[in-house]
Number of protein chains: 2
Amino acid sequence: MSKSLIELTPVETVACCSPLTKEPLSHDQAERIAPLVKALADPVRLRLLSIVASHADGEACVCDLNDAFDLSQPTISHHLKVLHEVGLLDREKRGVWVYYRLNAGALRDFGALLGGVVG
Amino acid sequence: MSKSLIELTPVETVACCSPLTKEPLSHDQAERIAPLVKALADPVRLRLLSIVASHADGEACVCDLNDAFDLSQPTISHHLKVLHEVGLLDREKRGVWVYYRLNAGALRDFGALLGGVVG
DNA sequence: TGATTACATCGATAATTGTCTATGTCCGAT
DNA sequence: ATCGGACATAGACAATTATCGATGTAATCA
């Protein structure tokens, strides 16, 4: 049995929609997709995502990420939370450290939605 | 001779960058890409873009767009301006009407940046 | 010329958000 | 049991933004 709509993260919602250019988005579709786009609409979060994605083993711990920015630790934590909540980053705690990993399918679906490329 | 960097719209800047997942974005790259993502990070603008893109002849006049929303005309005008300024929508005035048209390449480059699909 | 229609701009306001400091929580080590 | 380090949460504040009504501008028509 599939998840109910209410449980879907924004990225999962995106995966089911036609490319933007094929037909007009409904009000509800737009309302569900926008949070995902918003999550990426910040230079710090764009960098965070790209750093995590291109990191060795495909994951990075928060300590590495903190060092890459001139921002406080809570600020980075906040941005990671935003990316995690929309489903773009997965998190896993191992010991004292927390590792973030890209949800590659999510990003790909997102790109397909915008560019009209069918996976 | 190509345009200098300073004249490029955000979408044109995007077109030259590696996919997000290949290597970390620099601070400056992220700062230039973010405004483009921000332009799409609103449900009204997502719908505006999809309506224009899927409209007959690939263009729509503002009067059509106003009718599609329960928002004031200045508000729609504002959102169209945002999309135009980042290069996602082209505009052309014909008589009394203003027509907006999708910059398809811009959206495709954007999708490729996110999804890692090479054009 | 004057009126009307289509769209943009201006100025104000309420809501959102990025950032900080301070504090809390969980885990491993001594 | 206690301490210290890694990360999250809470609360506050400043900056951004989505929206509106009022007004400006440009083109058509009578």
Side-chain angles (χ1 to χ4, degrees), chain A residues 10 25 27-28 30-49 51-52 55 59-101, chain B residues 10 25 27-28 30-49 51-52 55 57 59-86 88-101:
Chain A
L25 243 40
H27 173 89
D28 290 350
E31 291 287 342
R32 282 189 307 228
I33 296 174
L36 172 61
V37 188
K38 252 189 229 291
L40 270 179
D42 180 276
V44 175
R45 291 197 288 269
L46 281 170
R47 290 189 66 200
L48 279 170
L49 196 82
I51 291 174
V52 168
H55 206 265
E59 65 180 14
C61 84
V62 179
C63 53
D64 294 330
L65 300 172
N66 281 331
D67 293 345
F69 297 85
D70 262 349
L71 294 169
S72 70
Q73 173 265 319
T75 295
I76 299 299
S77 188
H78 161 70
H79 287 303
L80 289 170
K81 183 181 186 179
V82 171
L83 290 169
H84 174 61
E85 282 177 342
V86 299
L88 281 170
L89 288 185
D90 297 327
R91 52 186 294 196
E92 183 188 354
K93 183 161 186 173
R94 292 205 298 272
V96 185
W97 298 278
V98 172
Y99 291 86
Y100 283 89
R101 176 180 295 274
Chain B
L25 283 175
H27 174 88
D28 290 351
E31 291 287 343
R32 282 189 308 228
I33 295 174
L36 172 61
V37 189
K38 253 189 230 289
L40 270 179
D42 180 277
V44 175
R45 291 197 288 270
L46 280 170
R47 291 188 65 200
L48 279 171
L49 197 81
I51 292 175
V52 168
H55 206 266
D57 301 327
E59 66 181 13
C61 84
V62 179
C63 51
D64 295 329
L65 300 172
N66 282 331
D67 293 345
F69 296 85
D70 261 349
L71 293 170
S72 71
Q73 174 264 319
T75 295
I76 299 299
S77 188
H78 160 69
H79 286 302
L80 288 170
K81 182 180 184 179
V82 171
L83 290 169
H84 174 62
E85 281 177 343
V86 299
L88 281 170
L89 289 185
D90 297 329
R91 53 186 293 194
E92 183 189 352
K93 183 161 189 174
R94 294 206 297 272
V96 185
W97 298 278
V98 173
Y99 292 86
Y100 282 89
R101 176 181 294 273

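Both backbone and side-chain heavy atoms feed into the values below; hydrogens, waters and symmetry mates do not. Proteins get letters first, then strands, A, B, ... in listed order; numbering begins at 1 in each.
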Rounded off to whole Å, could you give me the [atom1]-to-[atom2] distance for the [X] and [N] pair?
| X | N | atom1 | atom2 | result |
| --- | --- | --- | --- | --- |
| B:E59 | C:dC7 | CD | C1' | 16 Å |
| B:R94 | C:dC7 | CZ | P | 12 Å |
| A:L71 | C:dT17 | CG | P | 18 Å |
| B:F69 | C:dC7 | CZ | P | 15 Å |
| A:K93 | D:dT9 | NZ | C1' | 13 Å |
| A:I76 | C:dT21 | CD1 | P | 13 Å |

Under 3.5 Å donor-acceptor pairs involving side-chain atoms of residues 36-45 of chain A, not counting sequence neighbours:
| unit_1 | atom_1 | unit_2 | atom_2 | d |
| --- | --- | --- | --- | --- |
| A:K38 | NZ | B:A41 | O | 3.2 |
| A:D42 | OD1 | A:V44 | N | 2.8 |
| A:D42 | OD1 | A:R45 | N | 3.2 |
| A:R45 | NE | A:A39 | O | 2.6 |
| A:R45 | NH1 | A:H79 | ND1 | 3.0 |
| A:R45 | NH2 | A:K38 | O | 3.2 |

A:S77: partners by side-chain contact (heavy atoms from CB on, under 4.5 Å), with sequence neighbours left out
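Checked A:S77 against side-chain contact (heavy atoms from CB on, under 4.5 Å); matches are A:Q73.
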With B:D64, which residues qualify under side-chain contact (heavy atoms from CB on, under 4.5 Å), at least two apart?
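Scan of B:D64 (side-chain contact (heavy atoms from CB on, under 4.5 Å), adjacent residues dropped) gives B:H55, B:C61.
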Are the side chain of A:R91 and the backbone N or O of A:Y100 linked by a donor-acceptor pair below 3.5 Å?
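Absent.
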Interatomic distance, A:R32 atom CZ to B:L46 atom CG [nearest 0.5 angstrom]:
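A:R32 atom CZ to B:L46 atom CG measures 12.5 Å (nearest 0.5 Å).
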CG/B:L88 to CG/B:L80 distance, rounded to the nearest 0.5 angstrom?
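Going from CG on B:L88 over to CG on B:L80, the span is 12.0 Å.
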N/O contacts under 3.5 Å, protein versus nucleotides 10-18 of chain D?
| unit_1 | atom_1 | unit_2 | atom_2 | d |
| --- | --- | --- | --- | --- |
| D:dA18 | OP1 | B:R45 | NH2 | 3.4 |
| D:dA18 | OP2 | B:R45 | NH1 | 3.2 |

Taking salt bridge (Lys or Arg N to Asp or Glu O under 4.0 Å) as the definition, give me every residue that meets it alongside B:E92, ordered by chain and number, with sequence neighbours left out.
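Salt bridge (Lys or Arg N to Asp or Glu O under 4.0 Å) check on B:E92 returns B:R94.
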Pairs: protein N or O with nucleotides 5-7 of chain D N or O, under 3.5 Å:
| unit_1 | atom_1 | unit_2 | atom_2 | d |
| --- | --- | --- | --- | --- |
| D:dC7 | OP1 | A:V98 | N | 3.3 |
| D:dC7 | OP2 | A:C63 | N | 2.9 |

Of A:T75, A:V82, A:I76, the residue whose pairing with A:H78 passes side chain to side chain contact (heavy atoms under 4.5 Å, CB included):
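Single pass found, and it is A:V82.
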Output yes when at least one side-chain N/O atom of A:S72 is less than 4.0 Å from OP1 or OP2 of C:dT19, else no.
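So the side chain of A:S72 is outside the cut-off, no N or O lying under 4.0 Å from OP1 or OP2 of C:dT19.
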